[in-house]
There are 2 protein chains.
Amino acid sequence: MGHNGRRRIPEATVARLPLYYRSLIDCNERDLATVSSDQLAELAGVNAAKVRKDLSYLGSYGTRGVGYDVEYLLHEISRELGLTQDWPCVIVGAGNLGAALANYRGFGARGFRIVGLVDDASDKVGQTVGELTVEPMHTLANMVNERSISIGIIATPASAAQPVADALISAGIRSVLNFAPAVISVPPNVSVRKVDLATELQILSFYQLRGLTSGPALVVDRPA
Amino acid sequence: MGHNGRRRIPEATVARLPLYYRSLIDCNERDLATVSSDQLAELAGVNAAKVRKDLSYLGSYGTRGVGYDVEYLLHEISRELGLTQDWPCVIVGAGNLGAALANYRGFGARGFRIVGLVDDASDKVGQTVGELTVEPMHTLANMVNERSISIGIIATPASAAQPVADALISAGIRSVLNFAPAVISVPPNVSVRKVDLATELQILSFYQLRGLTSGPALVVDRPA
DNA sequence: TTCACTTCGAGAAAGCATTCACAAGCTCGG
DNA sequence: CCGAGCTTGTGAATGCTTTCTCGAAGTGAA
Ligand SMILES: NC(=O)c1ccc[n+]([C@@H]2O[C@H](COP(=O)([O-])OP(=O)(O)OC[C@H]3O[C@@H](n4cnc5c(N)ncnc54)[C@H](O)[C@@H]3O)[C@@H](O)[C@H]2O)c1
Ligand SMILES: NC(=O)c1ccc[n+]([C@@H]2O[C@H](COP(=O)([O-])OP(=O)(O)OC[C@H]3O[C@@H](n4cnc5c(N)ncnc54)[C@H](O)[C@@H]3O)[C@@H](O)[C@H]2O)c1
């Protein structure tokens, strides 16, 4: 029945686990005890074969003829994603976006807590944003160390992104989420993910221009 | 010299065009007249063969032994991405994130202008955010029509995402950018892209947990 | 003109990801 | 306990993306 042992999980699958996780939370809130790959696929907006293949990389957690136990699968995915532990984060750049992120109570919900907000502008330092006080850049290294920060979020202008990334990395951070529209280079033991608004809009305009649609237009129905 | 004629551009390539676009803007600002695939690859953080293959889908715009003419390539990519025209956008949801986006002067720069901001909370309606005034939801359909809005940006809570998407679509919008952590279903002639913070953080924690790094760790060097 | 050198374009190979299709395994009613 | 009916898990097939490789085409010096 397939070796349940250690198995490399493909990147594409990893990127979908959070989606399944969210879908399962939904199921749980609706008091569903089990869910089939078909239902889960519908909720996650992907196809059922993909759900089954993805979940099979984690192990054989389903029951044939029944589906997946919601609570159990939720637990397993949480464990794979590391959501059973805390991931303190620091935001660099207390501007528009940095402030919105710091105010955002909603991913604090799942272990990702913003425990530091730093900025290099002297007029920002000392300001209060939500429950945080903006601290100066030179405190970064100590802060990362003392508060066991593992994730750094870059919300500065693009021109500052590389130096800020360098500062985060030399403070010991190994995971970076970059909101600035700039490519940053990092040593091979550091992960970077980016969130790029302009890119997304440009992809939309590309397809709109041609009367085509992006993505695997599997998401359908709804009367409209 | 390859047939320069109409050729389907792969999705993966489309998603990188904005990256090349940004890199070429850089080159232009540094007054480089031409750029080689190697240089462009370095700037975009991808590998050179990929740059050449990607650009070859647009046509044969390079010169052997020389590279690509920066201005010319910039123009061609702009044209492909539809950046030579205006893309008026509306934001739905004037909360933390909606306000940060509305205030953001930086993608207005490239044809994407926010021309409307709507919210269904009566205490938000009438408020001023940047240069915009928050308008009520029921004005959406007229607004989309009168201001020729082509892109809808969802910045409401997840629970409102589907009804908001439905409203946007029935107002005539065919391109949606969704910031809410929810899967939305749309008819097949509508494009949706999503920006999901929680997903990105979860991917980072997955890899950090294992001492691995995400992505094609091609980005290197830098003393640190 | 010729030669050494550079760089693109694109076929072909290799590597991933998605989808198909079905045997295996489970439940439940009778 | 059996058989009908579901649903998983996974090899195999398909399709997409990336990478390799190298001929073709350009430059500039002599
Ligand atoms: N505002 C948005 O909605 C939005 C949307 C998408 C992307 N972005 C991107 O996010 C980034 C931030 O945008 P914003 O609107 O918040 O900008 P902003 O100008 O409001 O804020 C940037 C902040 O970074 C600080 N900063 C600058 N250099 C720094 C450095 N070297 N070290 C530490 N702090 C530094 C500034 O003092 C400022 O407080 C930009 O790169 C922008 O392109 C913003
Ligand atoms: N704030 C952030 O930094 C951040 C980051 C990532 C993702 N998000 C996501 O973005 C979305 C917005 O976040 P936020 O922090 O701005 O929330 P928010 O609560 O500050 O704002 C939401 C706004 O949407 C409005 N709204 C609610 N239902 C509506 C409806 N049916 N029609 C029109 N407007 C409606 C509300 O009145 C409110 O003004 C959420 O889905 C959140 O998960 C936010």
Side-chain angles (χ1 to χ4, degrees), chain A residues 1-5 7-17 19-20 24 27 32-70 72-73 76-77 203 214-219, chain B residues 1-5 7-17 19-20 24 27 32-70 72-73 76-77 203 214-219:
Chain A
M1 67 190 51
H3 61 118
N4 192 322
R7 203 165 185 157
R8 202 191 112 275
I9 303 180
E11 285 205 17
T13 295
V14 172
R16 281 186 297 266
L17 291 180
L19 207 55
Y20 301 142
L24 287 165
C27 293
L32 297 176
T34 63
V35 65
S36 69
S37 57
D38 264 325
Q39 297 173 285
L40 199 45
E42 160 110 31
L43 288 171
V46 301
N47 92 11
K50 203 184 268 183
V51 170
R52 291 201 297 277
K53 178 71 79 189
D54 283 343
L55 296 181
S56 79
Y57 290 112
L58 309 184
S60 289
Y61 296 146
T63 306
R64 290 168 174 180
V66 179
Y68 301 88
D69 182 279
V70 173
Y72 184 56
L73 186 55
E76 288 304 321
I77 293 183
I203 295 172
S214 79
L218 351 117
V219 199
Chain B
M1 61 204 55
H3 61 118
N4 194 322
R7 199 170 191 157
R8 203 193 112 274
I9 303 180
E11 286 204 17
T13 295
V14 173
R16 281 187 295 265
L17 291 179
L19 207 56
Y20 300 142
L24 286 165
C27 293
L32 298 177
T34 63
V35 65
S36 70
S37 57
D38 263 325
Q39 297 174 287
L40 198 45
E42 160 110 30
L43 288 171
V46 300
N47 94 12
K50 202 183 271 182
V51 169
R52 291 201 297 275
K53 180 66 87 186
D54 283 341
L55 296 181
S56 79
Y57 290 112
L58 309 184
S60 290
Y61 297 146
T63 306
R64 292 168 176 187
V66 178
Y68 301 89
D69 184 281
V70 173
Y72 184 58
L73 187 55
E76 289 304 322
I77 293 183
I203 295 171
S214 80
L218 349 118
V219 198

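Proteins come first, then strands; the chains are lettered A, B, ... in the order of their sequence lines, and each starts at number 1.
D:dC16 atom C1' lies 12 Å from atom CZ of B:Arg16, rounded to whole Å. Going from atom OH of A:Tyr61 over to atom P of D:dG9 covers 11 Å, rounded to whole Å. The distance from atom CG of B:Leu58 to atom C1' of C:dA10 is 15 Å, rounded to the nearest whole Å. Atom CG in B:Leu55 sits about 8 Å away from atom P in C:dG9, given to the nearest Å. Atom CZ in B:Arg52 sits roughly 16 Å away from atom P in D:dA24 (whole-Å rounding). Summarising the geometry, the separation between NZ on A:Lys50 and C1' on C:dC20 is reported as 14 Å, rounded to the nearest angstrom. Atom CG of B:Leu73 and atom P of C:dG9 are 10 Å apart (whole Å). In this structure, B:Lys53 atom NZ and C:dA12 atom C1' are separated by 9 Å, rounded to whole Å.
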Kindly determine whether B:Asp54 and B:Val46 satisfy side chain to side chain contact (heavy atoms under 4.5 Å, CB included), including the steps that lead there. CA-CA 11 Å; B:Asp54 283 341; B:Val46 300; over 6 Å; no

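Taking only side-chain atoms of B:Ala12, from C-beta outward, the nucleotide of D:dC20, C:dA17, D:dT17 with the closest atom is D:dT17. Looking at the side chain of B:Asn47, the nearest of the listed nucleotides D:dT19, D:dT8, C:dG9 is D:dT19.
Residue A:Tyr68 has a polar side-chain atom (N or O) positioned under 4.0 Å from OP1 or OP2 of D:dG9. Dashed line: the shortest gap from a side-chain N or O of B:Ser37 to OP1 or OP2 of C:dC8 is under 4.0 Å. For the pair A:Tyr57 and C:dA17, the criterion of a side-chain N or O lying under 4.0 Å from OP1 or OP2 is not met.
If A:Val66 and A:Asp54 are placed on DNA chain D by their nearest nucleotide, the residue sitting closer to the 5' end is A:Val66. Nearer the 5' end of DNA chain C, as judged by each residue's closest nucleotide, is the contact made by B:Val35, out of B:Val35 and A:Thr13. Comparing A:Ala49 and A:Thr63 against DNA chain C, the residue whose closest nucleotide sits nearer the 5' end is A:Ala49.
Residues B:Thr63 and B:Thr34 fail the side-chain proximity criterion, which asks for heavy atoms closer than 4.5 Å. Counting only heavy atoms from C-beta outward, the side chains of B:Tyr68 and B:Arg52 approach each other to under 4.5 Å. No side-chain heavy atom of B:Tyr61 sits less than 4.5 Å from a side-chain heavy atom of B:Leu55.
Here the OG atom belonging to A:Ser37 is positioned 10.0 Å from the OH atom belonging to A:Tyr20, to the nearest 0.5 angstrom.
Counting distance only, with no hydrogens placed and no angle test, the side-chain atoms of A:Arg64 and the base atoms of D:dT7 include no donor-acceptor pair under 3.5 Å.
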